[in-house]
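Worksheet: one structure, shown below.
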Amino acid sequence: MIQDLLKHQIAAAIKHLYQIDLLDHQIVIENTKPEFEGDFTYVVFSILKQSKKSPEQTAQEIGEYLKINFSHLADFNVIKGFLNISLSKQFWFEFLNNTYANKDYGFVFTHSGQKILVEYSSPNTNKPLHLGHIRNNLLGYSVAQILKANGHQVNTCNLVNDRGIHICKSMYAWMQFGNGETPESAGLKGDHLVGKYYVAFDKKYKQEIAALVANGMPAEEAEKKAPAIIAAQQLLLKWEANDKETVDNWKLMNGWVYDGFAVTYKKLGVQFDKYYYESNTYILGKDIVQQGLATETFFKKEDGSVWIDLTNDGLDQKLLLRGDGTSVYITQDIGTAELKYKDFDCERSVYVVGNEQDYHFKVLQLICKRMHKPYAEGIYHLSYGMVELPHGRMKSREGTVVDADDLIDEMIATATATTIELGKANGIPEGELNHLYETIGMGALKYYLLKVDPKKKMMFNPEESIDFQGNTGPFIQYTHARIKSILRNTGEIDFTQFDFNQTNLSKPERALLFTIYQYPQAIFDAGKDMSPGVICNYAYDLAKAFNHFYHECSVLKEENLEQRNFRIQLVNLTAHIIKSSFGLLGIEVPEKM
RNA sequence: GGUCUCUUAGCUCAGCUGGAUAGAGCAACGGUUUUCUAAACCGUAGGUCGAAGGUUCGAGUCCUUCAGGGACCA
């Protein structure tokens, strides 16, 4: 990167002028703000004490040194303590020439040597996916792509929570009043059918509690003694005892759910290299807890329950195994961590899980450290914020959820209506329209969810539809389509016979080229923070820079042949980066829209 | 009781390791189409960056306290 050369030269200048020894990485170079002239800026305030001169004079002296010693510099200007540096036209033309045909521009191909496993999605099998799951899935998919682009070897997995009391609730309700209903007979997606019985269970359970309370029982006791909950608990015991009828029903209903999830995953465009099932990992977890007990990493209480004492780390004592020997959430996580390491030999294991589990993952990592597990340090909780509705967070049982399938359908319907309304469907073959509507609708939804910093909670108002204008997926998709429209009309060109040094570099062209130059940095930053939002912001900046250029400069009507060809290279590369960056987000870009 | 986290324009969000006059989009108002796609472009208006202290050449960014929201552990 040119910034590195620049840093090196600035360090040399400072050494030459003021006899200060600075390492290259101690020099901070920023992009020059648009309202000032220049490409990069060096701020001199931090060396004033040693230079013993005014900010203006220091910056001026460094600028003059660079002008002689830094061949890519065309000019510089000084405002207060800010040294603004303009690179030469030649530098930018050469950059474009070397880059425009590079299909992998921005991606790192030298293997980092790091293997990373990204776990995401990780649903419960008792209800369908909702908006929060969509955020999770999109984040996981995108982060995996971004890490790959940074040269890491990446695998993905999905840990399915297919056991526990919540499954038994759906199962009990279905056995009670399902009358053998199936997804086929009900005409419902499997996950929605099972979810229906989960809600049915809750309704019945609440009625029973109310009845008991009406008869004078305290609410707390009623919650434990309601027949429905007791029945669900008995189902769980039967399941753990491998009772045939229970296990068969469990398999049947889980199968329905998996079929339903598969449809939603396909629409979201996500996939996994491997599935883990908690019903398979919890026993391994129990074994490991027994090992930890043997080495006295854990301790047993009088009732037989197993605990770890984390008070030295500022946390509490944490339950690992109940007195009756049944496992808790963290038990199965301990087992799964071990399995993942064996399967993938990964030095980093990323968990895409909501921030409500921050404490849980701190505990998990500490447990692994105490047990001297080689993978303990590599555990990384990619903790993302909840999606909230105007009235608070989503709660399945209270029916305040935005269903994933409904929302997807709605987005595609809106994309369809908008496209037709704008008259954009006319020039497009009938057979391609459905795919286009899907591309635009999903583009809007995915961009909307990914552009927000993963760590932050975000607001979704179902009353307001997701925009298709401004800082949105469709805006950027549209930019791509516009460029493709130009490129369909340029004809074949042999770029090698042109010398672009004779062409002009106007402000919009320069700004676009400058943004293009930032792409590798954006990929790096997104990888460092595991934040697809960085890519969204970048793609938006690029689209804006292009649209400004598009308004100012004509490509096809340009009469100077070299200028025209230069612009063709420029927009070609722009289109490629839009497609490439959106690929990192899992968003398709259309040729026409 | 304890721990973590958030608060930037009417709304939804950017703001990189502290740097120039805090930026976008939506919503509002005004303008741009015989010229490569107007899902675009240009402009106007909108801010005490939750509050108060502190650190320093410089704080939306770092530290402390407080207020309000959210989550979690027992």
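Order of the sequence lines sets the chain letters (A, B, ...), proteins ahead of strands, with each chain counted from 1.
Comparing B:rU7, B:rC42, B:rG19 by their nearest atom to the side chain of A:H548 picks out B:rC42. In the set B:rC57, B:rU37, B:rA20, the nucleotide with an atom closest to the side chain of A:F36 is B:rA20. Distance from the side chain of A:M459 is smallest for B:rU12 among the nucleotides B:rG70, B:rU3, B:rU12. When the nucleotides B:rA20, B:rC41, B:rC36 are ranked by their closest atom to the side chain of A:Y550, B:rC36 comes out on top. Here B:rC41 is the nucleotide among B:rC41, B:rC57, B:rU37 with the atom lying nearest to any side-chain atom of A:N547.
Qualifying side chain to side chain contact (heavy atoms under 4.5 Å, CB included) partners for A:A425, counting only residues two or more places apart in sequence or in other chains: A:T419, A:I420, A:L433, A:Y437. A search for side chain to side chain contact (heavy atoms under 4.5 Å, CB included) contacts involving A:A511 returns nothing, not counting sequence neighbours.
A:K49 has a side-chain polar atom (N or O) that falls below the 4.0 Å cut-off from OP1 or OP2 of B:rC57.
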query = Can you give the dot-bracket line for RNA chain B, using ( ) for pairs inside the strand, [ ] for pairs that cross earlier ones, | for pairs with another strand and . for unpaired bases, where Watson-Crick and G-U count if both distances are under 3.5 Å?
reply = (((((((..((((.....[...)))).(((((.......))))).....(((((..]....)))))))))))).

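The stretch residues 51-58 of chain A has no heavy atom under 4.0 Å from RNA chain B, so no residue of it qualifies as close. Near RNA chain B, defined here as any heavy-atom distance below 4.0 Å, the residues from residues 464-479 of chain A are A:D467, A:F468, A:Q469, A:G470, A:N471, A:F475, A:Y478, listed numerically.
For the residue pair A:E61/A:Y18, the side-chain donor-acceptor check at 3.5 Å is satisfied.
Using a 4.0 Å heavy-atom criterion, one finds that A:D453 contacts the sugar-phosphate atoms exclusively. Residue A:C553 is in base contact, counting any heavy-atom pair closer than 4.0 Å across all strands shown. Among the protein residues, A:D525 comes within range of no part of the nucleic acid, since none of its heavy atoms lies under 4.0 Å from any strand. Using a 4.0 Å heavy-atom cutoff across all strands shown, A:D313 reaches no nucleic acid atom at all. Nucleic acid contact class of A:K456 (heavy atoms, under 4.0 Å, all strands): sugar-phosphate only. A:V28 comes within contact range of at least one nucleobase, with a heavy-atom separation under 4.0 Å. Residue A:N489 is classed as having no contact, given no heavy-atom separation below 4.0 Å to the nucleic acid. Residue-level contact check: A:V452 touches the backbone only, with heavy atoms under 4.0 Å from sugar-phosphate atoms and none from bases. As judged by a 4.0 angstrom heavy-atom cut-off over every strand, A:T419 is placed among the base-contacting residues. Among the protein residues, A:I440 comes within range of the nucleic acid bases, having at least one heavy atom under 4.0 Å from a base atom.
When each of A:F582, A:Y540, A:F468 is checked for a ring pair (Phe, Tyr, Trp, His ring centres under 6.0 Å) with A:F475, only A:Y540 meets the rule.
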task = Tell me, with the steps shown, if A:I578 and A:L542 meet side-chain contact (heavy atoms from CB on, under 4.5 Å).
result = CA-CA 8 Å; A:I578 289 176; A:L542 182 65; 3.9 Å; yes

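Comparing B:rA24 with B:rC66, their P atoms are spaced 37 Å from each other, to the whole Å. For the P atoms, the distance linking B:rG46 with B:rU37 amounts to 38 Å, nearest Å.
In this structure, the NZ atom of A:K544 is 13 Å from the C1' atom of B:rA40, given to the nearest Å.
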Would you tabulate the nitrogen or oxygen pairs shorter than 3.5 Å linking the protein to nucleotides 71-73 of chain B?
from	atom 1	to	atom 2	distance (Å)
B:rC73	O2'	A:D316	OD2	2.7
B:rC73	O2'	A:Y359	OH	3.4

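Scanning all heavy atoms of the two residues, the minimum distance from A:F45 to A:F82 falls at CE1-CE1, 4.0 Å.
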